[in-house]
Amino acid sequence: QVQLVESGGGLVQAGGSLRLSCATSGRALPNLEMGWFRQAPGKEREFVASITYNGGSTSYADSVKGRFTISRDNTINLQMNSLKPDDTAVYYCAVGLYGRGGLSTRDMVRYWGQGTQVTVSS
């Protein structure tokens, strides 16, 4: 079992930036694809971004391309710029089933973090 600990959420005005981080409690990041999903009130949990086990390839939802950047070192990070009210959601860190090959749907997720709230005011 891998425990994921997210940090960095908060309240920001539209156009602002936030940086989310996700660490694995007490151990190094697994050699698996990792990423972020989000869930807004009344909506399904949706894919945001993913990065392969070695950081060599990334993938983004169309709604965040050009604004969000995912990276990994000792943590998985999501730099969110030009934030919009539509980005308001609980953001979840996720560990995939494999080192690469995709992490775009919930059935591809092995472990979830507990979530961190991001609120963007207009």
Side-chain angles (χ1 to χ4, degrees):
Q1 184 76 18
V2 172
Q3 284 192 311
L4 302 173
V5 180
E6 297 124 331
S7 61
L11 173 64
V12 65
Q13 288 189 328
S17 299
L18 282 174
R19 183 178 175 87
L20 305 182
S21 291
C22 173
T24 48
S25 179
R27 54 174 288 178
L29 291 179
N31 287 324
L32 297 169
E33 190 159 5
M34 296 186 67
W36 294 89
F37 285 67
R38 67 186 182 186
Q39 187 166 16
K43 294 188 177 181
E44 295 287 318
R45 192 171 297 188
E46 65 177 7
F47 168 75
V48 175
S50 66
I51 187 166
T52 53
Y53 75 102
N54 61 355
S57 181
T58 58
S59 181
Y60 297 92
D62 287 344
S63 59
V64 307
K65 277 181 183 176
R67 301 188 298 121
F68 290 11
T69 302
I70 190 170
S71 62
R72 69 188 291 164
D73 37 51
N74 295 320
T75 58
I76 296 293
N77 308 299
L78 187 68
Q79 179 65 42
M80 305 186 295
N81 298 328
S82 302
L83 282 162
K84 306 174 182 179
D86 284 349
D87 295 318
T88 295
V90 177
Y91 283 70
Y92 295 90
C93 181
V95 177
L97 298 174
Y98 308 106
R100 62 174 72 224
L103 183 56
S104 59
T105 59
R106 289 185 292 174
D107 60 353
M108 294 176 171
V109 175
R110 184 190 298 256
Y111 301 117
W112 293 101
Q114 82 284 358
T116 186
Q117 177 70 45
V118 171
T119 303
V120 184
S121 63
S122 57

* If you look at every heavy atom in Ser50 and Glu33, which pair is closest and at what distance? ->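 In terms of heavy atoms, the two residues are closest at OG-OE2, 3.4 Å.
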
* Asked: What are the two closest heavy atoms between Val64 and Val48, and how far apart are they?
  ->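 For Val64 versus Val48, the nearest heavy atoms are CG2-O, 3.6 Å.
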
* Asked: Quick one: does Val118's side chain get under 4.5 Å of Arg38's, heavy atoms only?
  -> no

* To do: Please check if Ile51 and Leu18 belong to a single hydrophobic cluster, counting links between Ile, Leu, Val, Met, Phe, Trp and Tyr side chain heavy atoms closer than 4.5 Å.
  =>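 Yes, same cluster.
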
* Asked: Do Leu78 and Leu103 belong together in a cluster built from hydrophobic side chains that touch within less than 4.5 Å?
  ->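 Different clusters: Leu78 never reaches Leu103 through Ile, Leu, Val, Met, Phe, Trp or Tyr contacts under 4.5 Å.
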
* State plainly whether the residues Asp62 and Lys65 are in salt-bridge range, i.e. N to O under 4.0 Å. =>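 Salt bridge flag = yes for Lys65 with Asp62.
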
* To do: Evaluate side-chain contact (heavy atoms from CB on, under 4.5 Å) for Tyr111 paired with Thr24, printing each intermediate quantity in order.
  => CA-CA 11 Å; Tyr111 301 117; Thr24 48; over 6 Å; no

* **Test applied, side chain to side chain donor-acceptor pair (under 3.5 Å); reference residue, Ser21; option that passes from Asn77, Asp73, Asn74** => Asn77

* Qualifying residue, where the test is side chain to side chain contact (heavy atoms under 4.5 Å, CB included) with Val95 and the options are Val109, Leu4, Ile76 -> Leu4

* Under the side-chain contact (heavy atoms from CB on, under 4.5 Å) rule, what do Gln117 and Thr88 come out as? Steps first, then yes or no, please. => CA-CA 8 Å; Gln117 177 70 45; Thr88 295; 4.1 Å; yes

* Donor-acceptor contact below 3.5 Å, side chain Ser82 vs main chain Arg67 ->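 Checked: no pair found.
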
* For Phe37, which residues count as a ring-ring contact (aromatic ring centres under 6.0 Å, His included) partner, sequence neighbours excluded? ->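 For Phe37, the residues satisfying ring-ring contact (aromatic ring centres under 6.0 Å, His included) (neighbours in sequence not counted) are Phe47, Trp112.
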
